[in-house]
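Have a look at this one.
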Amino acid sequence: MKERLGRTGTNMTEGNLFWKIILFALPVMATTAMQLLYVSIDLMTVHYGDSAESMGAIASNNALINLIVVVFTGVSLGVNVVLSEARGAGNHEKAEKIIHTSLVFAAISGFAVGLLGFFISDNLLVMMGTEAHFLEKATLYLRIYFGGLPFLMVYNYASQMLRAQGDSQTPFYILTASGLINVGFDCWFVFGFKMGVAGVGFATIIAEAVSCVLCLFVLYKKKSLYANFRFKKLRIDGPVLFDVLKVGLPAGLQGFFFSLPNVFIQSSLYTIDPNNIDLENGAIASGNIESYFHTAVDAIGTSAMTFIAANVGAKNKDNIKKIILYAGIWGTIACALIALITATLYRPLLRLFVDSEESIQAGKQRMEIMGYWYFFNLAMNLSAGILRGIRKSTMPMLSTMIFCTGLRILLIYTLFPMEQFHTLQWLYALFPITWVLAFLSNLVGIFIFLPKTLRKLEAKAE
């Protein structure tokens, strides 16, 4: 087993794990940033090639699209954990079943949700309070986006399979290639054919289809992988699917509970000054920038989860302790850089999306609140990754549901409407307040479950 693991990407159970974690995390971060770049390019292209209203229409979908994506991406984390364990334990037969079962599930679930979303897009946008002057274009963009959901889901699952086998670089290379394709079709459709929001929507689908096909091709052809994809083996294995969903479904629900209040926060933003489009665009611009900040803490949490799961499979408890420490160090460094960028580069970053001074000042308010307190976002994400790595996904899901969903929505409907709290600062302060509470809750779970897991591993090793 060791010989085979040594030639299949990053060996997560041996060697200098301090550097291996960050070298694994950087491509994960870059891959997520490339996915976000789709949205940013869409916004900038349609702003300069069509109109500010079209940009607002696409941006008004962001919270809803993120809600959909994080749920399915969360579920796909179950593939990462279970496949990492199987690889760490040397169980090749189970690894193959995990790959083929998960791909079938990804395709079916992506098609089903895409079809449903296509027909109820307008109702979803109305429910989240999308302004009337954005509604027609926003609905068109969302319907096109739902049409490409199967490609996005299969890519997300396939990329998690590569990461679980120690390859975090290939998904980044694939997203880079498809990102360039996205830019090309954006410009062609918007500037050449004057297709507006429809053009950027179709460009995104084409890019997602390319990334999906390329990722499956690598899973099929790359002989150095621990387990490969084969068409003839595509079938659902019930116990394996249950195993994947046991870890992934709580993670998906956690993503749902984390993103759901963002829909309410976005609609609440419109109530501060309903006719001030500069205020809305500034908030949207800073939200896009903050999404890139999140890629760093998310990548570190995902890497910790993957490394911990592999060492659970290998029954190496000492490495698990090291991974937690090392991930915490790298996360702290990342958060210090985020604070520095917020303090020094907020204006040029915001100018990538908006040009009015009022929009820049509105965006600055959000960036300062989020950027200076991002360590608590890291703490929440890393603690959740640790719990998922030891197969305790329910705990972070409950923490997110109670604090990041329940408490945020409660405060939006009780505290925020009061005159003294009806400001951008108080609206965005909901984020760090709930990050802290969710982290403390996850920390309780770590103190309860991690020692038990380590004792079990020690007993099995003997």
**OP:** Starting at CD of Gln160, measure out to SG of Cys215 and round the result to the nearest 0.5 Å.
**Re:**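 Rounded to the nearest 0.5 Å, the CD-SG separation comes out at 10.0 Å.
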Subject >> side chain to side chain contact (heavy atoms under 4.5 Å, CB included) between Ile21 and Met12, intermediate numbers included >> reply: CA-CA 8 Å; Ile21 286 175; Met12 304 178 195; over 6 Å; no
**OP:** State, without any angle test, whether Ser393 and Arg388 hold a side-chain donor-acceptor pair at a distance under 3.5 Å.
**Re:**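 No, because no side-chain N or O of Ser393 sits under 3.5 Å from a partner of the opposite role on Arg388.
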Original post:
Just how far is it from atom SG of Cys212 to atom OH of Tyr155, taken to the nearest 0.5 Å?
Top reply: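 Separation between the atoms: 10.5 Å.
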**OP:** Take Tyr428 and Glu290, measure what side chain to side chain contact (heavy atoms under 4.5 Å, CB included) needs, and give me the verdict at the end.
**Re:** CA-CA 12 Å; Tyr428 292 133; Glu290 190 269 325; over 6 Å; no
Original post:
Would you say the side chain of Asp167 lies within less than 4.5 Å of the side chain of Lys222, judging by non-hydrogen atoms?
Top reply: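 A side-chain contact under 4.5 Å exists here.
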Subject >> Phe24 and Arg163: CA distance, side-chain angles, deciding distance, side chain to side chain contact (heavy atoms under 4.5 Å, CB included) verdict >> reply: CA-CA 9 Å; Phe24 185 89; Arg163 289 171 188 151; 3.8 Å; yes
**OP:** Decide whether a cation-pi geometry holds between Arg366 and Phe431; the criteria are a distance under 6.0 Å from NZ or CZ to the six-membered ring centre and an angle within 45° of the ring axis.
**Re:**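 Yes, cation above the ring, under 6.0 Å and within 45°.
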Subject >> Under 3.5 Å: donor-acceptor pair, side chain of His100, backbone of Glu96 >> reply: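 Judged by distance alone, yes, a pair lies under 3.5 Å.
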Subject >> Spatial distance of atom CG (Leu450) from atom OG (Ser383) [nearest 0.5 Å] >> reply: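 Reported value, rounded in 0.5 Å steps: 12.0 Å.
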Original post:
Between Lys97 (side chain) and Val240 (backbone), is there a donor-acceptor pair under 3.5 Å?
Top reply: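 A pair under 3.5 Å: no.
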**OP:** Establish, for the pair Arg230 and Tyr220, whether the NZ or CZ atom is under 6.0 angstrom from the six-membered ring centre and no further than 45 degrees off its axis.
**Re:**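 Satisfied, under 6.0 Å and within 45°.
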Original post:
Side chains of Met395 and Ser441: does their closest heavy-atom pair fall under 4.5 Å?
Top reply: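 The answer is yes, as the side chains (C-beta and beyond) meet within the 4.5 Å cut-off.
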Original post:
Which pair of non-hydrogen atoms, one from Pro150 and one from Gly147, has the smallest distance, and what is that distance?
Top reply: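 That closest heavy-atom pairing would be CD-O, 3.7 Å.
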**OP:** Answer with yes or no after comparing the ring centroid distance for Trp330 and Phe18 against a 6.0 Å cut-off, counting only values under it.
**Re:**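 Yes - the distance between ring centres of Trp330 and Phe18 falls below the 6.0 Å cut-off.
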**OP:** Please lay out, stage by stage, how Val75 and Tyr157 fare under the test side chain to side chain contact (heavy atoms under 4.5 Å, CB included).
**Re:** CA-CA 9 Å; Val75 175; Tyr157 277 71; 3.1 Å; yes
Subject >> Where at least one partner belongs to residues 101-126, residue pairs that pass side chain to side chain donor-acceptor pair (under 3.5 Å), sequence neighbours excluded >> reply: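 Listed by first then second residue: nothing to list.
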Original post:
For the side chain of Tyr226 and the backbone of Gly90, is there at least one donor-acceptor N/O pair under 3.5 Å apart?
Top reply: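 Indeed, once roles are kept as given, a pair shorter than 3.5 Å links the two residues.
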Subject >> Side-chain ion pair, Asp243 and Arg391, N-O less than 4.0 Å >> reply: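 Salt bridge present between Asp243 and Arg391.
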Original post:
Do you know the tightest heavy-atom contact between Leu457 and Val312?
Top reply: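 So the minimum-distance heavy-atom pair works out to CD2-O, 3.5 Å.
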Original post:
Under a 4.5 Å cut-off applied to non-hydrogen side-chain atoms, are Val82 and Lys94 in contact?
Top reply: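 Sidechains of Lys94 and Val82: in contact.
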Subject >> Donor-acceptor pair between Thr306 and Asn80 side chains, under 3.5 angstrom >> reply: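 Looking only at side-chain atoms, Asn80 and Thr306 do form a donor-acceptor pair, the distance falling under 3.5 Å.
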Subject >> CG-CZ distance between Leu415 and Arg408, expressed to the nearest 0.5 angstrom >> reply: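 So the gap between those two atoms works out to 14.5 Å.
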Original post:
Which pair of heavy atoms, one from Gly74 and one from Ala251, lies closest together, and at what distance?
Top reply: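 Minimum heavy-atom separation between Gly74 and Ala251: O-CB, 3.3 Å.
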Subject >> Leu241 backbone acceptor or donor facing Lys246 side chain under 3.5 Å >> reply: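 No; zero donor-acceptor contacts below 3.5 Å.
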Subject >> Closest contact, heavy atoms only, Val154 versus Ala106 >> reply: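 That would be CA-CB, 4.1 Å.
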Original post:
Taking the six-membered ring for Trp, is the centroid-to-centroid distance between Phe229 and Phe231 below 6.0 Å?
Top reply: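 Between Phe231 and Phe229, which both carry aromatic rings, the centre distance is below 6.0 Å.
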Subject >> Donor-acceptor contact present, side-chain Gln254 to main-chain Met401, <3.5 Å >> reply: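 Checked: no pair found.
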**OP:** Taking all heavy atoms of Ile446 and all of Pro451, pick out the closest pair and write down the distance.
**Re:**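 The answer is O-CD, 3.4 Å.
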Subject >> Heavy-atom check, side chain of Met161 versus side chain of Leu219, under 4.5 Å >> reply: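 Counting from C-beta outward, Met161 and Leu219 do come under 4.5 Å.
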May I have the list of side-chain donor-acceptor pairs in residues 317-327 shorter than 3.5 Å, sequence neighbours left out?
from   : atom 1 : to     : atom 2 : distance (Å)
Lys317 : NZ     : Glu458 : OE1    : 3.3
Asn319 : ND2    : Thr13  : O      : 2.8
Asn319 : ND2    : Asn311 : OD1    : 2.9

Original post:
Below 4.5 Å, heavy atoms only, C-beta onward: do Asn182 and Ile206 meet side chain to side chain?
Top reply: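 Counting from C-beta outward, Asn182 and Ile206 never come under 4.5 Å.
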Subject >> Cys335 side chain reached by Val297 side chain, heavy atoms, under 4.5 Å >> reply: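 Result yes, sub-4.5 Å side-chain heavy-atom pair found.
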**OP:** Verify the distance criterion only: is there a donor paired with an acceptor across the side chains of Asp298 and Thr295 at less than 3.5 Å?
**Re:**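 Absent: no donor and acceptor within the cut-off.
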Original post:
Taking all atoms of both residues into account, what is the closest heavy-atom pair of Trp373 and Pro432, and its distance?
Top reply: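 Looks like CB-CB, 3.9 Å.
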Subject >> Nearest-0.5 Å distance that lies between atom CG in Leu214 and atom OH in Tyr173 >> reply: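 It is 14.5 Å, given to the nearest 0.5 Å.
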Subject >> Beyond-backbone contact of Thr434 with Phe376, side-chain heavy atoms, under 4.5 angstrom >> reply: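 A side-chain contact is absent here, since even the closest heavy-atom pair is not under 4.5 Å.
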Subject >> Near-ring test Phe185/Phe202, centroid separation under 6.0 angstrom >> reply: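 Ring-ring flag for Phe202/Phe185: false, centres at least 6.0 Å apart.
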**OP:** Enter the distance from Ile120:CD1 to Leu124:CG here, rounded to the nearest 0.5 Å.
**Re:**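 If I round to the nearest 0.5 Å, the distance is 4.0 Å.
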Subject >> Donor-acceptor pair, side chain of Ser286 and main chain of Ala283, under 3.5 angstrom >> reply: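 Answer holds: yes.
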Original post:
Taking Ser178 for the side chain and Leu175 for the main chain, is one N or O donor matched with an acceptor at less than 3.5 Å?
Top reply: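 Yes.
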Original post:
Does CZ in Phe257 sit with more than 12 non-hydrogen atoms of other residues, nucleotides or ligands closer than 6.0 Å?
Top reply: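 For Phe257, atom CZ is crowded (more than 12 foreign heavy atoms under 6.0 Å).
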Original post:
Given side chains that start at C-beta, do those of Lys392 and Val247 come closer than 4.5 Å, heavy atoms only?
Top reply: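 Lys392 vs Val247: side chains apart.
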Subject >> With sequence neighbours excluded, residues passing side chain to side chain contact (heavy atoms under 4.5 Å, CB included) with Ala285 >> reply: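 Leu350, Phe353, Val354.
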**OP:** Ignoring hydrogens and angles, tell me if any N or O in the side chain of Tyr374 forms a donor-acceptor pair with the backbone of Phe293 under 3.5 Å.
**Re:**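 Not confirmed, Tyr374 side chain does not pair with Phe293 backbone.
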